[in-house]
Amino acid sequence: MRLTLTLSLLCCVLPTAVLAQPAGVPEPTQLELWLTHPGTRITSSEEVGRIQSTDARAVITALVIENAQIETNQLRGIRIDLSDGLSSDRVFVDEGDLVQLRNELGPISCGVTRMRNEQGVPHRVHGTGRCRPSQTIPQAYCPGYYIGPETEGLRLSTFSGHTFSFPSQLPSALADAFGRAMDEFGLDDTISPRPLIDLPAADIEQIVASAVHHYPELASSPGVKASYASDNRDAADVIFWPHERVGDFSRALTVYCKAMGNGGDGWNCDSSEPRGYLGIAGQEREVVIVGAMDRNKAVALIDYAKLKLEDEPLYSKADDGRFSQIHTPSYRGRDTYWISWRTGAAMGITLEIADAPEDAGDRFVLAKISRSDGSRCAY
């Protein structure tokens, strides 16, 4: 059974008591369940982050596991190994939850300055209101940032009742590790963070057959890159690997599918959205283009964005930043192109760029710029 983490961001300043765990014990994540099955083996293990403090340590590892006895025989996700001088614990996060979890952590880091300015409350915590206990291993995923009279920093509480504290560390350190795991798995965050679904092979075959029927160009695609679905699996957004590649530019499709009948009558995939991938010199990862756009237009937009970013302090001081996404105006009813540049999780810049009038001297005009530096958010 596919399990989804409930996401609820607590945007208020809360007392430390909020970190206490609920009495109920939810079911474990799918990754954790698989690891209890006989025959499961870890086929890939890559450390993607390490958070070290004087009080505790967290090691974040991207895992790929396999079990030939299970129909969908491969699963991916991350493991967080927590330890300090008093206790140790282990947390598992499924691949389909990484995008949403990472996106929750950035706003916590952005709210730190506001928390520091709160008066009259000696202990303050800003968290995600999330607990993920396990039925088999006492664990939870309850991140937050605490501020006390003498210390502040990232805090992770577990179902066993223990709290692991990381003074002077921001939640963005954990979010950065999630981002590196996403890079490792080839995931991106350009569509709604609905859970990845593990459909039976027969359903995948039906989806591919319907998609190729409606969009013959997909016959040249290597297959499905990622699939996202509603909880009851009556609809799915399916991203295909590029079906066309010319030099540094690739074309792909996101196909929108609906289950026919009562869910056992096949799938119909008759709606889609163009998708592109542009390689940029100096970036390991391609820029994802959501919507219809040719290579020359994408390159021109990136070049214009670079010019506008030359005087931006966030842009100039980050060596590991990259352009990640371009959203065309057709995406969610916007009237400008949205170009995202980011480094890690909480530091980033988004430029809204419009086509200039025909009589203007420039091809584009900057409509708006938004910035986030990890300790403040300015929009």
Side-chain angles (χ1 to χ4, degrees), residues 99 182-183 186-194 211-212 214-228 237-257 269-310 312 315 321-343 348-370:
V99 173
M182 290 169 56
D183 289 343
L187 300 176
D188 61 66
D189 52 4
T190 59
I191 69 175
S192 299
R194 299 156 69 183
V212 171
H214 290 288
Y215 307 100
E217 62 268 32
L218 289 178
S220 301
S221 169
V224 173
K225 182 177 186 286
S227 55
Y228 299 75
D237 301 351
V238 182
I239 301 174
F240 281 79
W241 289 102
H243 57 268
E244 177 185 342
R245 181 178 293 275
V246 179
D248 58 4
F249 187 70
S250 303
R251 297 184 186 276
L253 282 179
T254 299
V255 179
Y256 304 107
C257 305
C269 307
D270 60 355
S271 178
S272 71
E273 183 174 41
R275 192 175 185 86
Y277 296 90
L278 174 66
I280 295 181
Q283 285 194 188
E284 293 184 5
R285 195 171 172 193
E286 296 171 315
V287 179
V288 178
I289 302 167
V290 181
M293 182 180 295
D294 61 35
R295 179 193 180 279
N296 291 338
K297 183 65 172 282
V299 170
L301 280 166
I302 291 293
D303 288 343
Y304 180 81
K306 288 179 179 177
L307 287 175
K308 295 301 176 182
L309 290 173
E310 284 183 352
E312 285 291 325
Y315 181 70
R322 65 178 179 87
F323 287 97
S324 59
Q325 307 165 19
I326 300 177
H327 290 131
T328 62
S330 62
Y331 182 68
R332 297 185 178 177
R334 294 168 176 166
D335 55 5
T336 56
Y337 303 95
W338 284 40
I339 299 181
S340 300
W341 176 92
R342 68 177 179 85
T343 176
I349 302 172
T350 299
L351 302 97
E352 295 184 42
I353 298 173
D355 290 309
E358 293 184 0
D359 57 351
D362 295 329
R363 184 174 179 181
F364 303 109
V365 59
L366 180 64
K368 183 180 178 182
I369 188 166
S370 305

Under 4.5 Å between any side-chain heavy atoms of [X] and [Y], yes or no?
X: Arg322; Y: Ile280; answer: no
X: Leu309; Y: Phe323; answer: yes
X: Ile326; Y: Ile302; answer: yes
X: Lys297; Y: Asp355; answer: yes
X: Lys308; Y: Ile369; answer: no
X: Glu352; Y: His327; answer: no
X: Met293; Y: Tyr337; answer: yes
X: Tyr277; Y: Val287; answer: no

Judged by atom type as modelled, is there a donor-acceptor pair below 3.5 Å linking the side chain of [X] to the main-chain atoms of [Y]?
X: Tyr215; Y: Asp270; answer: yes
X: Thr254; Y: Val238; answer: no
X: Tyr256; Y: Glu273; answer: no

Separation between CZ of Phe364 and CD1 of Ile339, rounded to the nearest 0.5 Å: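 The distance works out to 8.0 Å.
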Hey, could you give me the CZ/CG distance between Arg275 and Leu253, rounded to the nearest 0.5 Å?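 The CZ atom of Arg275 sits 10.0 Å away from the CG atom of Leu253.
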Do the side-chain N and O atoms of Trp338 and Ser340 include a donor-acceptor pair separated by under 3.5 angstrom?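 Distance-only check fails for Trp338 and Ser340.
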Side chain to side chain contact (heavy atoms under 4.5 Å, CB included) between Phe249 and Asp294: does it pass, once the steps are laid out? CA-CA 9 Å; Phe249 187 70; Asp294 61 35; 5.6 Å; no
